[in-house]
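Start at 1 with the first residue, then count along the sequence. Bear in mind the structure is a predicted one, so any value in this text is a computation, not a measurement.
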Amino acid sequence: MELYVYDLNFNYCGILEDSKCSSIIWTSSYYDCDEFEIRMPYFDGIFDLIKQDRFLRKNNSDRAMIIEKIYITCQYNNAEKVPVVKIAGRGAESLLDRRVCASTKTYSETVGNNAREIIIDNVLSTGNAARNIGIIELGSYPPTESGEQLTQGQNVGELTRSMLKEQKMGTYLKTDFTKKKFLYTIYEGVDRTKANMNKVEFSPDLDNFSQVEYYSDATTQYNFCMARSGVDGTGNIHIFSVASDGAGTGTARREIYADISSFDISGAGSTGALKLLEPVAEQELKKKRTVETITGTIIDGILYEYGIDYKVGDIVVLNDGYGHKLNKRLVQMIEYYQGGQKTMAPTFEDI
C-alpha cells in the first residue's frame with residue numbers, strides 16, 4: 001500500500017511507501033472520525049515529508065487522514081540506538097471539530113439539512129472570515145427524516161455526527177482534487193444482502209471469513225414494555241403498553257417496566273401524558289433485544305475487495321457456516337499492515 005502525502009492546499013508532497021513502515025493501523029468509520037497510526041524507522045528526509053496538517057490518502061480511496069501527532073523515540077538493539085517515528089491522526093472530517101456552534105439557534109428541517117446548515121453557519125459562511133474554512137464545500141446527501149436541533153456552544157463535528165448517527169447515516173469529507181476541496185458528504189450504506197450482483201456474504205464456507213464465532217443470548221430479551229407516568233393535570237396516572245414485533249403470550253411474552261413518575265407532567269392531560277410514555281416505552285424495548293452476533297476476521301480479496309465491492313456503512317451477510325446467517329451493518333473497519341501482511345478487523349451493528 002502506498003500513501004500519498006498532500007498539504008491542505010492539495011499540493012502533492014510525496015509518497016510514504018509501506019515498505020518503509022513497521023506497522024500501519026488504518027481505521028475507517030461510518031459514524032465517527034476515521035483514525036490512523038503509523039510506525040516506521042527514522043530515515044533521512046522523513047520530516048520534510050511528514051508534517052502536521054498534511055494529509056494522507058490511500059490509492060483507490062477518496063477518504064483522507066490528517067496528520068495530527070508526531071512522535072520520535074529511541075530504542076536500543078544490541079546497544080545500538082535506533083530512532084523510531086510514530087505519526088497519528090484522524091480523518092479529514094476532524095476539520096469540523098475545529099469549530100463550535102457560536103450562537104444559539106434552532107434548526108427545524110430534515111436532519112441532513114440541519115447538519116448542513118450548522119456547517120454553513122459555523123464553518124463555511126460564518127460572517128467572520130477568520131472562522132471560515134475555505135477548503136470545505138457541501139457535497140451530496142440522501143433524504144433524511146425531519147428533526148429539530150438546538151445549537152448552543154457544541155462542537156460542530158461531534159454534534160453533526162451524532163445527529164446523523166441517530167438516522168443511521170454516515171458522513172465524511174470526500175477529497176476532490178479537481179476542486180481542491182473536501183466535500184462534506186452524508187451517505188447511507190448500500191444494502192448488499194440481496195440475491196443479486198451486489199450481494200456480499202462472508203462465510204468460512206467461502207474461505208473469506210476466519211476465526212468465526214456465533215453468540216446468542218436471550219437473557220436480556222424483552223418484547224413488551226409497560227410505561228407508567230406520574231400524575232397528570234387532571235390527577236390521573238397513566239400506563240402505556242408497547243409490544244415489539246413478535247411479542248406473544250404466555251412464556252413468549254417478556255415484560256419490562258419503565259417508570260417516569262418522577263417527570264413533572266402536571267400540566268399535561270391524558271393525551272399529552274400518553275405522547276410522553278410511548279417513545280419512552282419504545283426506546284426501552286430497543287435496548288432489550290436478543291443479543292445475536294457473529295464475529296470473525298475478513299479475508300480480503302476472496303470474492304470481494306474492500307473499498308470496491310463493499311465499504312463502511314454497507315449491510316452485508318455474515319454466515320458462521322453452521323446455519324446462522326445475520327444481516328449486519330459494517331460500521332468500522334480496521335486494517336493492519338505489518339511485515340507485508342494485511343489483517344482486517346470489522347465491527348458490525350444490528351440493522
Side-chain angles (χ1 to χ4, degrees), residues 1-4 16-40 55-66 86-93 168 170-172 174-175 187-193 197-215 292-322 324-351:
M1 179 181 72
E2 294 179 331
L3 296 171
Y4 301 93
L16 180 61
E17 299 174 354
D18 62 352
S19 60
K20 290 186 175 181
C21 302
S22 305
S23 67
I24 301 173
I25 304 174
W26 198 268
T27 304
S28 301
S29 298
Y30 186 51
Y31 298 126
D32 302 315
C33 268
D34 297 348
E35 296 179 334
F36 81 97
E37 179 185 292
I38 301 174
R39 295 176 184 268
M40 69 200 89
F55 70 87
L56 308 174
R57 183 183 65 87
K58 287 196 310 177
N59 46 317
N60 300 321
S61 176
D62 59 7
R63 302 171 84 104
M65 298 281 196
I66 295 179
K86 183 178 82 170
I87 60 174
R90 295 176 294 160
E93 60 272 22
K168 300 294 184 181
T171 181
Y172 72 111
K174 179 180 180 179
T175 52
Y187 71 106
E188 184 175 16
V190 177
D191 186 349
R192 301 190 183 277
T193 65
M197 294 298 290
N198 289 327
K199 184 174 182 179
V200 174
E201 180 173 341
F202 297 101
S203 169
D205 295 335
L206 300 174
D207 297 323
N208 61 5
F209 207 29
S210 65
Q211 299 176 312
V212 181
E213 293 185 1
Y214 170 82
Y215 173 69
E292 188 176 26
T293 62
I294 295 176
T295 60
T297 299
I298 286 176
I299 302 171
D300 196 39
I302 298 181
L303 295 182
Y304 318 109
E305 186 174 349
Y306 173 65
I308 296 177
D309 299 300
Y310 68 100
K311 300 178 181 180
V312 287
D314 289 355
I315 302 169
V316 301
V317 180
L318 303 183
N319 184 344
D320 71 346
Y322 293 97
H324 301 110
K325 288 187 178 184
L326 302 177
N327 295 341
K328 297 282 187 175
R329 187 186 299 277
L330 176 64
V331 293
Q332 186 182 80
M333 179 67 84
I334 304 176
E335 301 170 71
Y336 298 94
Y337 300 85
Q338 189 167 21
Q341 300 294 316
K342 176 182 176 181
T343 304
M344 303 178 67
T347 300
F348 297 98
E349 73 168 7
D350 295 334
I351 57 173

Which residues pass the side-chain contact (heavy atoms from CB on, under 4.5 Å) test with D309, not counting sequence neighbours?
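Residues passing side-chain contact (heavy atoms from CB on, under 4.5 Å) with D309: Y304, E305.
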
What do the steps show when you test V331 against T347 for side chain to side chain contact (heavy atoms under 4.5 Å, CB included), and what is the final call?
CA-CA 6 Å; V331 293; T347 300; 3.9 Å; yes

Around atom NZ of K174, are there more than 12 heavy atoms from other residues, nucleotides or ligands closer than 6.0 Å?
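Atom NZ in K174 is not packed in, count stays at 12 or less.
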
Closest non-hydrogen atom pair between [X] and [Y], with its separation:
X: S29; Y: Q332; answer: OG-NE2, 3.3 Å
X: G296; Y: P346; answer: O-CD, 3.5 Å
X: I66; Y: A92; answer: CD1-CA, 3.8 Å
X: S203; Y: N208; answer: N-OD1, 2.9 Å

Any [X] side-chain heavy atom under 4.5 Å of [Y] side chain:
X: K168; Y: E188; value: no
X: F348; Y: V316; value: yes
X: S28; Y: Y306; value: yes
X: V317; Y: K199; value: yes
X: E93; Y: D32; value: no

Would you sort out whether Y310 and F202 count as a ring pair (Phe, Tyr, Trp, His ring centres under 6.0 Å), showing the intermediate values?
CA-CA 12 Å; Y310 68 100; F202 297 101; 5.2 Å; yes

Side chain [X], main chain [Y], donor-acceptor under 3.5 Å:
X: R90; Y: D34; result: no
X: Y30; Y: R329; result: no
X: N319; Y: K325; result: no

Regarding R63 and the six-membered ring of Y172, is the cationic atom NZ or CZ under 6.0 Å from the ring centre and inside 45° of its axis?
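R63 over Y172 ring: yes.
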
Atom pair [atom1]/[atom2] of [X] and [Y] - distance to nearest 0.5 Å:
X: R192; Y: N327; atom1: CZ; atom2: CG; result: 13.5 Å
X: I351; Y: T193; atom1: CD1; atom2: OG1; result: 6.5 Å
X: F36; Y: M65; atom1: CZ; atom2: CE; result: 7.0 Å
X: T297; Y: F209; atom1: OG1; atom2: CZ; result: 7.5 Å
X: L56; Y: W26; atom1: CG; atom2: CH2; result: 5.0 Å
X: D62; Y: K311; atom1: CG; atom2: NZ; result: 6.0 Å

I'd like to know if the side chain of N59 pairs up with that of E2 as donor and acceptor (distance under 3.5 Å, no hydrogens or angles considered).
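No, E2 and N59 have no side-chain donor paired with an acceptor closer than 3.5 Å.
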
Please tabulate, for side-chain N and O atoms in residues 333-340, each donor-acceptor pair with protein atoms closer than 3.5 Å (sequence neighbours left out).
{"residue": "E335", "atom": "OE1", "partner": "K58", "partner atom": "NZ", "Å": "3.1"}
{"residue": "E335", "atom": "OE1", "partner": "Y337", "partner atom": "OH", "Å": "2.6"}
{"residue": "E335", "atom": "OE2", "partner": "K58", "partner atom": "NZ", "Å": "3.0"}

Applying side chain to side chain contact (heavy atoms under 4.5 Å, CB included), run through I24 and D18 and close with a yes or a no.
CA-CA 8 Å; I24 301 173; D18 62 352; 4.0 Å; yes

Please report the C-alpha distance between K328 and I294 in whole Å, then the side-chain angles of each, then the deciding distance to 0.1 Å, and finally whether the side chain to side chain contact (heavy atoms under 4.5 Å, CB included) criterion is met.
CA-CA 9 Å; K328 297 282 187 175; I294 295 176; over 6 Å; no

